[in-house]
Amino acid sequence: MKLFKGQGTRDLGKPWRFEEDGMTVTRGCAWSPPGCHPVGCGIKTYVNGAGELVKIEGDENHPITGGRLCVRCLTMRDYVYNPDRILYPMKRAREDRGKNKWQRITWDEALDLLAEKVAYFKENYGAESILMQGGTGREGGPMLPAYAQAAIGTPNASQPLSGYSCYIPRVAGTTYVLGAAYPEMDYAGGLHGRYDDPAFEVPELLVFWGKYPLPTNGDGMFGHSAVDMMRRGSKLMVIDPRVNWGSARADYFLRLRPGTDAALALGMLDIIIKEDLYDHDFVENWTWGFEQLSERAAEYPPERVAEICGVDADLIVEAARAYANAKPASIAWGLAIDMKNNAVQAGHAIICLEAICGNIDVPGGQLVGDVNDGLELGFGWNELGKELQGKILGLERYPAFVTFILNAHPDTVLDVLETGEPYKIRMVGFEDCNGLAGTDCAQPERWEKAWASTEFNFGVDVFMTPTIMAVCDLFLPLSTTVEHDSVVYTHYGASPVMAGAINKCITVGEGKGDSEILYEIGKRCCPGNFEQFPTYYDWLSWNRLGNKRAFEDLREEVVHQKVETLSYRKYETGKLRPNGEPGFNTPTTRVELWSNVYDHFGEDPLPYYEEPKMSPVSTPELMEQYPFVLTTGARTYCYFHSEGKQIPYLREMNPDPLLEMNPADALKCGVSDGQWVRVSNPYGSCVLKAKVTQAVYEGLVHAQHGFWYPEAEGEAPTLFETYRSNVNILMPHHEVGKLGMGAPYKCLICAVEPIAENYDTDMKVIWERYGNPAPRNS
Amino acid sequence: MNGLLIDYEYCTNCQSCEVACKEEHKIPVGQWGIRVLTDGPWECSDGKFNLYYIPFPTRLCDLCAERTAKGKQPSCVHHCLAGCMQYGSIEDLAKELAEKPNQVLFVPEPYSY
């Protein structure tokens, strides 16, 4: 079946590996590195007789991507053979942190050194003195707790992201309120017939809410599926402060002020309830606390919401009606929901909308995973024992966060690193975590100083990052997605879409994949946990495939759509609860519009709106000095957070970190298009390059995130100029929601002033250093 | 005679065409075989925004002669995330063009190296 026009067809039906023009072509699915979410796009790698990667193409056999491929995979060869890539383990003396005095060692030496340090700190200071810091998206992301708890034996693992404000506040809602895995926009990914499958219904309305899935494939959803569905008749609603491709094609574009999502959702709930547009059957049979929710929503009439959000009241009413009347309607809800202090309530309110309008787990609605799907969580936790479990950082203050995700609380981690209370952190491991590069650390210079205070640190990555250069003593090289065997599963397994084989086809140096490095460390540091896995493949099949099939079988199948477990309305059939009874996996077995769990944790059981801590409403006195609302981190096609800056074709797409500014504001501030500006607020400042555009409205500026300059000096204090354009310097530390989740990365304030300096990237330098690289083997 | 039919209503500016082309033909930075041009966003009188992207073949475009000789799609067409590009004879593409508005048909003159 031809899903869209232009698709290649020549290799349809080819086996997982075949020969062409003297080259071996291997079909497989991509995950990371290069960084991405677990989408598992279909790739074909072409390898010559010398074992060198010649090129990469999209695999037309893939049921979801069908040959399409984004720029981050298309440039795979430039990434794999990049001259800056680190291909073997290295160590450095502690006193040489920040200096380029690395010394090559073998894997055995590296792993022995790591194991020796782990044993030393455990014996002398307790395992809790060791901390794992992880990054997002990449294959190592979901393995973070297992890295700490199963492989190293410490309870402490965390992303250094304030309020863990990415995915987790939303997932807290889906766990506590919905009692099911993450409800994602259904794009028929698990169905053989895709959009034409009789089990599927093309949504009448798609909503991009605080998420622009096209460039990012956020959380594993193949973003252009939304475009496929628009071609099949789906209308679009976009809820976003910025203008993008979607908002220019949307029937409803709600250009809200950043951080006001909860108010908008409550306002829509009020209209839908008052106008009796909700799904009575679902509300009566499957929800809890509808009356209380109605009363709460009534506090948010359209006029009040219009004032809070800066969206016309009539448009809010129209949008609420459109969402309620569309059967089915599907919301892609994203990161912007999380990046706000009361993120949890915004997520809660959106789940309420999905539920009362009858869109939960219906074809073309919000697809949820069954009780056996879900994040890989819990491996090694029980083996820690009660005493160590009780020492996980943040447990006392933020139990709702810590007990559900089994991670240490990120802001608490920095406080503990800085104060040594209640105990001192002595060793830190960084896996896929370049926190100093404007990706996650709020107040990154404080984090650098805190990490530098420890006795031993190690890092796992592909390139020398500013983070590892600044504070690590051991570097473990990571292999790319074409250099190791592994498994990718959509949405971290939380949606019944597909499992894909990551098929090794080349060897470059001595890099190993995230799964294998974890396994090797675990074998050495916590052998008891890994006895059950005689080989890496046993571990892989257990961890990623639930032992339902062996990796070797998936390798040849390449993509396995989860048709066996895909069904709809699973709350009717008992597939959402461990005991097999109908209902949702919550205390009341219903979707808890009024949440017993939030009530138990001392939070308001109903969703509510809270003004951002710094805003024209809450801090009018600051607005004269800092007149702009600052939002950050909109995604691009070319970069995955801090990644891709040393790939010439990617860098060319976005050479410099941009500050989007409305033309009227630029005039007022004396800023020309393309001029460098200083962006500042009470927490600090950075420099960015102005892009004068109507993409942002007057009074709002948007800053890109994750920039560092691999072509610059790496040694401290320069650290690849990681602080030059680092907008997270303007982010407060530990300004989080009541339950510990959510922080205001996307709703800050700032001043903008033009500067005389020009920091423009010289693409000639980038091309000469990184362009068209020769193959490397060691 | 062959050409490229672009449904610019659906071009999302993913730039896969640009990069797939550069990788296929080893084109350095600062040069392109096809390039996505942008118009907007600018606000119309009705409050809606105009924002269009169009992949525009340059004088380096040879419509991937080597690939098409082997029965493959041009690299830009094969990888386009929105599937908004088609390659074929101008007769076939003209029929497609007649069926849907907001498309444009390019017939680039093959560049002789």
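Proteins get letters first, then strands, A, B, ... in listed order; numbering begins at 1 in each.
Glu24(B) pairs by the side-chain hydrogen bond (donor to acceptor under 3.5 Å, both in side chains) definition with Arg67(B), not counting sequence neighbours. Take Trp32(B) and apply the ring-ring contact (aromatic ring centres under 6.0 Å, His included) test, not counting sequence neighbours, and it matches no residue.
Residue Pro215(A): no heavy atom, backbone or side chain, is found under 4.5 Å from chain B. Thr693(A) touches chain B through its side chain: at least one heavy atom from C-beta onward sits under 4.5 Å away, while N, CA, C and O do not. Heavy-atom distances place no part of Cys17(B) under 4.5 Å from chain A, backbone and side chain included. Neither the backbone nor the side chain of Asp312(A) has a heavy atom closer than 4.5 Å to any heavy atom of chain B.
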Assess whether side chain to side chain contact (heavy atoms under 4.5 Å, CB included) is satisfied between Glu60(A) and His78(B), documenting all intermediate values. CA-CA 9 Å; Glu60(A) 53 262 54; His78(B) 182 100; 3.4 Å; yes
Passes side chain to side chain contact (heavy atoms under 4.5 Å, CB included), Leu214(A) versus Leu81(B)? Steps please. CA-CA 9 Å; Leu214(A) 308 188; Leu81(B) 290 185; over 6 Å; no
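A salt bridge between Asp21(A) and Lys70(B) is present, with a side-chain N of the basic residue lying under 4.0 Å from a carboxylate O of the acidic one. Residues Arg255(A) and Glu43(B) are not paired through a salt bridge, judged by the lack of any N-O separation under 4.0 Å between the basic side chain and the carboxylate. Ionic pairing of Arg249(A) and Glu9(B) is not present here: no N-O contact between side-chain nitrogen and carboxylate oxygen is shorter than 4.0 angstrom. Under the 4.0 Å criterion applied to side-chain N and carboxylate O atoms, Asp7(B) and Arg231(A) are assigned as salt-bridge partners.
Residues Leu69(A) and Ser16(B) come closest through the heavy atom pair O-OG, 2.6 Å. For the pair Lys26(B) and Asn772(A), the tightest heavy-atom approach, listed with the atom from each and the gap, is CD-OD1, 3.6 Å.
Your options are Thr12(B), Leu5(B), Leu51(B), and the one with the most heavy-atom pairs under 4.5 Å with chain A is Thr12(B). Of the listed residues Lys764(A), Met653(A), Lys55(A), the one with more heavy-atom pairs under 4.5 angstrom with chain B than any other is Met653(A).
Residues Ile766(A) and Val29(B) form no side-chain contact, since every pair of their non-hydrogen atoms from C-beta on lies 4.5 Å or further apart. By the 4.5 Å heavy-atom criterion applied to side chains, Lys72(B) and Arg10(A) are counted as neighbours.
Within the model, atoms NE2 of His224(A) and SG of Cys14(B) stand 5.0 Å from one another, a figure rounded to the nearest 0.5 Å. In this structure, Glu23(B) CD and Arg77(A) CZ are separated by 8.0 Å, a value rounded to the nearest 0.5 Å.
Using bins of under 30°, 30° to 60° and over 60° for the plane-to-plane angle, the ring pair Tyr10(B)/Trp245(A) lands in the tilted bin.
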